[in-house]
*Asks:* 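Handing you a structure now.
Any value given below was found using the heavy atoms of this structure, including those in side chains, with hydrogens, waters and symmetry copies removed.
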Amino acid sequence: MEALRHWSVRHARGLKRLYDACARTAPYFAPLMRQIGPARTERLLAPLERATKGFLFDCKMCGQCVLSSTGMTCPTNCAKQMRNGPCGGVRPDGGCEVVPAMRCVWVEATEGRKRIANANAESFPLPPIDHRQHQRSSWVRVIGGELPQPIAERRPPRAGDMHAFERACRSGRFVVTVEVAPPDSADPAALVERASRFKGLVDAINITDGAGGNCHMSSVAASAVLVANGLTPVWQIACRDRNRIAIQGELLGAAALGIRNVLCLTGDDVSQGDHPEAKPVFDLDSVSLLRVARTMRDRAAFTSGRKLETPPNLFLGATVNPFAPPQRDRVANLAMKVEAGAQFIQTQFCFDIGAFAAFMREVRERELHKRCTIIVGVGILSTAKALRWMAEHVPGVHIPESVLVRIGSAADQKAEGKRVLIEMIHRLADIEGVAGVHLMGHKNERVLAETIVEAGLPTQAEAQPLHA
């Protein structure tokens, strides 16, 4: 079956022509369908469609076929059920983050789109799955003239007051954010103590949401704790654990608790976390989540169309991984997220300045840096061994061998790692379009705070003194 999927991608242009011809012809059968009746037509066509598309594309009959928009690759084969990929966890060989032996469906979709267009084809956000259509025939809808269309929607003018982090991103100065994991505790004191180390040093503090598929205090609760203690959180929300009903409810709840900054994530797979037996949800992906949040904010409505009494005033962000395959198409992925509503972008760990500089050249060519604030992820672990483990086991993280050798050969690896981090921050600051850095290092808050000071990055007028 996988060999046939690859064949379909290689012959995407011919299959697209056949699809277009059938789509043009199909409406001529509408009078016959009305005479037979839609239900009977469905019973006749669905088995034939299931067999044909299952054979060629390993189709799962979602009832909303988008093959013509995905390079003749069926997205229902994505292990994360993404409708707008690829995710940032694609492995160096193009393998799936969840099923390494399988080639990423969205890498193949990108190749298929290029074969169809014979160029770097633009892609538009696809809507989330309507689960009511599962096992229904898409052919019947095409005969009835219901051709699915990609979404290309420009955002309306921004309404609502800007809050602190949004003002910082729009100020033109260098922005600094840091990542803090929620505690494994019902007592918020430890979280407040760790986060307060950055008071006066950063513009916002990211609160992770079950990173790596591991369980901690909920991200929205931890973010609310920071708000209550005078700190500015970026609430990370992953689609892995929630359906669209829960997500919209949490967006309203977060806004009611004073949380204004939201980082929209598809989420890591559960298989590598501490609850590998858990059922992943993935009702939405990060692009769909951006559109949901933007609809609630700008149109004061749920995705169902039901109106909100008071919309949430949110500053929306997303992530991008310039170092995961297909690297040459990651700018297109960024463009899709900006179109969907992302106002700020935080990247995966950057250890390869040359590769990132090449990424930013194309970003500038497309002027995407003028439409969103690009904040580059940086960080370090205690030893070269820990860094190598991360590079080998965390999908989407790329660390050049030269960095590993330099840190590994140092007498004091921790101090050398900090020097490498400060050098990278300074080099990134010189790249046009880079608006700031996002520091990461699990439970390494003291070193990160020291790095901010030593790199000359305090972002507020009165930086608070550091404590040991």
Side-chain angles (χ1 to χ4, degrees), residues 60 62-66 69-70 74-89 96-98 104-106 109 123-134 148 150-153 155 208-211 213 218-220 234-255 259 261-270 278-299 301-306 308 311-312 314 316-321 333-334 336-343 345-346:
K60 303 297 190 295
C62 71
Q64 300 133 91
C65 188
V66 291
S69 299
T70 56
C74 183
T76 58
N77 289 293
C78 173
K80 291 185 177 180
Q81 304 175 47
M82 295 180 69
R83 299 287 276 184
N84 300 281
C87 73
C96 170
E97 173 190 349
V98 184
C104 171
V105 168
W106 286 100
S123 55
F124 297 100
L126 295 170
I129 284 283
D130 181 347
H131 295 282
R132 296 171 299 176
Q133 303 301 324
H134 184 61
I151 302 168
E153 179 187 5
R155 70 186 67 175
T208 58
D209 184 21
S218 77
S219 178
V220 68
V234 172
W235 168 41
Q236 295 187 5
I237 176 170
C239 300
R240 175 194 58 227
D241 308 317
R242 308 162 176 85
N243 68 10
R244 64 196 76 181
I245 299 172
I247 282 174
Q248 291 175 93
E250 284 207 21
L251 287 168
L252 286 182
I259 299 166
N261 313 301
V262 183
L263 190 73
C264 300
L265 305 168
T266 298
D268 301 319
D269 178 55
V270 300
K279 178 179 175 57
V281 179
F282 291 121
D283 186 30
L284 304 174
D285 55 36
S286 60
V287 174
S288 301
L289 173 53
L290 282 165
R291 291 183 55 80
V292 166
R294 194 177 97 187
T295 296
M296 295 176 69
R297 184 193 68 193
D298 297 345
R299 309 213 182 271
F302 293 111
T303 55
S304 66
R306 186 158 54 90
L308 296 171
L314 302 173
L316 302 178
T319 61
V320 67
N321 188 350
N333 183 255
L334 168 61
M336 183 186 294
K337 291 180 177 181
V338 172
E339 287 293 334
Q343 298 164 281
I345 295 291
Q346 292 174 323

*Asks:* Taking all heavy atoms of Ala254 and all of Val220, pick out the closest pair and write down the distance.
*Replies:* CB-CG2, 3.9 Å
*Asks:* Can you name the closest pair of heavy atoms from Phe302 and Thr295 and give their distance?
*Replies:* O-CG2, 4.4 Å
*Asks:* Look only at the side chain of Arg291 and the backbone of Ala340, and say whether a donor-acceptor pair between them is shorter than 3.5 Å.
*Replies:* no
*Asks:* Looking at Asp130, is its backbone amide N or carbonyl O close enough to the side chain of Gln64 to form a donor-acceptor pair, meaning the two atoms are under 3.5 Å apart?
*Replies:* yes
*Asks:* Would you check if the side chain of Lys60 reaches a backbone N or O of Asn77 as a donor-acceptor pair within less than 3.5 Å?
*Replies:* no
*Asks:* So do Thr266 and Ser286 actually touch side chain to side chain, heavy atoms under 4.5 Å?
*Replies:* yes
*Asks:* Is there a donor-acceptor pair closer than 3.5 Å between any side-chain N or O of Gln248 and the backbone N or O of Thr303?
*Replies:* yes
*Asks:* Once rounded to the nearest 0.5 Å, what's the spacing between atom CG of Asp241 and atom NZ of Lys279?
*Replies:* 12.5 Å
*Asks:* Can you measure from OG1 (Thr319) to CD1 (Ile345) and round to the nearest 0.5 angstrom?
*Replies:* 7.5 Å
*Asks:* Just how far is it from atom CG of Asp285 to atom CD of Gln81, taken to the nearest 0.5 Å?
*Replies:* 10.5 Å
*Asks:* Which atom names give the shortest non-hydrogen contact between Val98 and Ala79, and what distance separates them?
*Replies:* CB-CB, 3.6 Å
*Asks:* Side-chain contact, heavy-atom cut-off 4.5 Å: Pro86 with Asn333?
*Replies:* yes
*Asks:* Is there side-chain contact between Asp283 and Arg242, with heavy atoms separated by less than 4.5 Å?
*Replies:* no
*Asks:* Can you see which heavy atom on Leu314 is nearest to which on Ile259, and at what distance?
*Replies:* CD2-O, 3.8 Å
*Asks:* Please name the pair of heavy atoms, one in Gln236 and one in Ser219, separated by the smallest distance, quoted to 0.1 Å.
*Replies:* O-OG, 3.0 Å
*Asks:* Do the side chains of Arg297 and Leu316 get nearer than 4.5 Å, heavy atoms only?
*Replies:* yes
*Asks:* Would a distance-only check, ignoring hydrogens and angles, find a side-chain to backbone donor-acceptor pair under 3.5 Å from Lys80 to Gly267?
*Replies:* yes
*Asks:* Drop me the distance from Leu284's CG to Asn84's CG, to the nearest 0.5 angstrom.
*Replies:* 10.0 Å
*Asks:* Is any side-chain heavy atom of Ser218 closer than 4.5 Å to one of Glu250?
*Replies:* no
*Asks:* Just so I know, are the side chains of Leu251 and Trp235 near enough to count as touching, which here means a heavy-atom distance under 4.5 Å?
*Replies:* yes
*Asks:* Does a side-chain heavy-atom distance below 4.5 Å link Val292 with Arg244?
*Replies:* no
*Asks:* Would you mind reporting whether Thr70 and Leu126 have side-chain heavy atoms less than 4.5 Å apart?
*Replies:* yes
*Asks:* Rounded to the nearest 0.5 Å, what separation is found between the CG atom of Asp269 and the CZ atom of Arg240?
*Replies:* 8.5 Å
*Asks:* Given side chain to side chain contact (heavy atoms under 4.5 Å, CB included), test Glu97 with Asp268 step by step and report yes or no.
*Replies:* CA-CA 9 Å; Glu97 173 190 349; Asp268 301 319; 4.2 Å; yes
*Asks:* How many angstroms lie between atom CG of Leu252 and atom CE of Met296, to the nearest 0.5 angstrom?
*Replies:* 3.5 Å
*Asks:* Please name the pair of heavy atoms, one in Val105 and one in Cys78, separated by the smallest distance, quoted to 0.1 Å.
*Replies:* CG2-N, 3.7 Å
